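Only a predicted model underlies this, so the values are computations on that prediction, with no experimental measurement involved. Side chains are part of it too, since the values below use all heavy atoms of this structure and drop only hydrogens, waters and symmetry mates.
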Amino acid sequence: MIDAAELVDNDFLRQFELKNDEHFAKIEYSLQDRKIFLTKLIIPENITDEGFTEDFLKLVFENVKERNLSIVPTSPEIAKFIRRNRQYKSLLPVGVRI
């Protein structure tokens, strides 16, 4: 399980970062108005645990939820995550359907 304290919002590089041992995963984003466009999910090849990706995305989504932002997933992997986890559909802006 990933600890929320490990998640870093690097606003200079516009990416969420998760450093876990020797692994470095990130989600690139673009922030416009009250919407955050999640554009690219990068998980190192040596991480084969599907649970790692799920936990990482949940941490990011909870962080975005606390900041009262809407999520616009432009990455297919992130859109797939929302389809599987319907509790995060409320974070989509009005008019965006997945």
*Ignoring hydrogens and angles, tell me if any N or O in the side chain of N85 forms a donor-acceptor pair with the backbone of F81 under 3.5 Å.*
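Yes.
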Output a table of donor-acceptor pairs, distance under 3.5 Å, between side-chain atoms of residues 30-39 and any protein atom two or more places apart or on a different chain; print 'none' if there are none.
| unit_1 | atom_1 | unit_2 | atom_2 | d |
| --- | --- | --- | --- | --- |
| R34 | NH2 | R67 | O | 2.8 |
| R34 | NH2 | N68 | O | 3.0 |
| T39 | OG1 | E28 | O | 3.1 |

*Any side-chain heavy atom of L91 within less than 4.5 Å of one from S70?*
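No, side chains not in contact.
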_Looking at every heavy atom in both I71 and P93, which two are closest together, and how far apart are they?_
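Heavy-atom minimum between the residues: O-CD, 3.1 Å.
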*Kindly give the heavy-atom pair with the smallest separation between K58 and Y88, and that separation in Å.*
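For K58 versus Y88, the nearest heavy atoms are CG-OH, 3.7 Å.
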*Take D9 and Y29 through the test side chain to side chain contact (heavy atoms under 4.5 Å, CB included) and record every step on the way to the result.*
CA-CA 10 Å; D9 180 5; Y29 67 82; 2.5 Å; yes
*asked:* When you group the ILVMFWY residues by side-chain heavy-atom contacts below 4.5 Å and let the links chain together, are V72 and L92 in the same group?
replied: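 They do not share one cluster, since no chain of ILVMFWY contacts under 4.5 Å joins L92 to V72.
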*Verify the cluster assignment for I27 and V96: are they in a single hydrophobic cluster under the rule of side-chain heavy atoms below 4.5 Å apart?*
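Linked within one cluster.
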Supply the atom-to-atom distance [X] [atom1] to [Y] [atom2], rounded to the nearest 0.5 angstrom.
X: L59; Y: L7; atom1: CG; atom2: CG; answer: 5.5 Å
X: S90; Y: F61; atom1: OG; atom2: CZ; answer: 10.5 Å
X: I78; Y: R83; atom1: CD1; atom2: CZ; answer: 12.0 Å
X: L57; Y: L41; atom1: CG; atom2: CG; answer: 5.5 Å

*asked:* Checking R84 now: which residues fulfil side chain to side chain donor-acceptor pair (under 3.5 Å) with it, not counting sequence neighbours?
replied: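 Counting only residues at least two positions away or on another chain, R84 forms a side chain to side chain donor-acceptor pair (under 3.5 Å) with E54.
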*Got a sec, which residues hit side-chain contact (heavy atoms from CB on, under 4.5 Å) with E17, two or more places apart in sequence or on another chain?*
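Per chain and number, E17 pairs via side-chain contact (heavy atoms from CB on, under 4.5 Å) with V8, N10, L13, Q15, K19, F24.
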_Enumerate the salt bridge (Lys or Arg N to Asp or Glu O under 4.0 Å) contacts for residues 86-98, please, sequence neighbours excluded, ordered by first and then second residue._
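For residues 86-98, and leaving out neighbouring residues, there are no salt bridge (Lys or Arg N to Asp or Glu O under 4.0 Å) pairs at all.
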*Considering residues at least two apart in sequence or located in another chain, which fulfil the salt bridge (charged side-chain N to carboxylate O under 4.0 Å, His left out) criterion with E62?*
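So E62 forms no salt bridge (charged side-chain N to carboxylate O under 4.0 Å, His left out) with any residue.
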*Transitive ILVMFWY cluster of V94 at side-chain heavy atoms under 4.5 Å: who else is in it?*
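Grouped by the 4.5 Å side-chain rule, V94 forms a cluster of one, so the answer is none.
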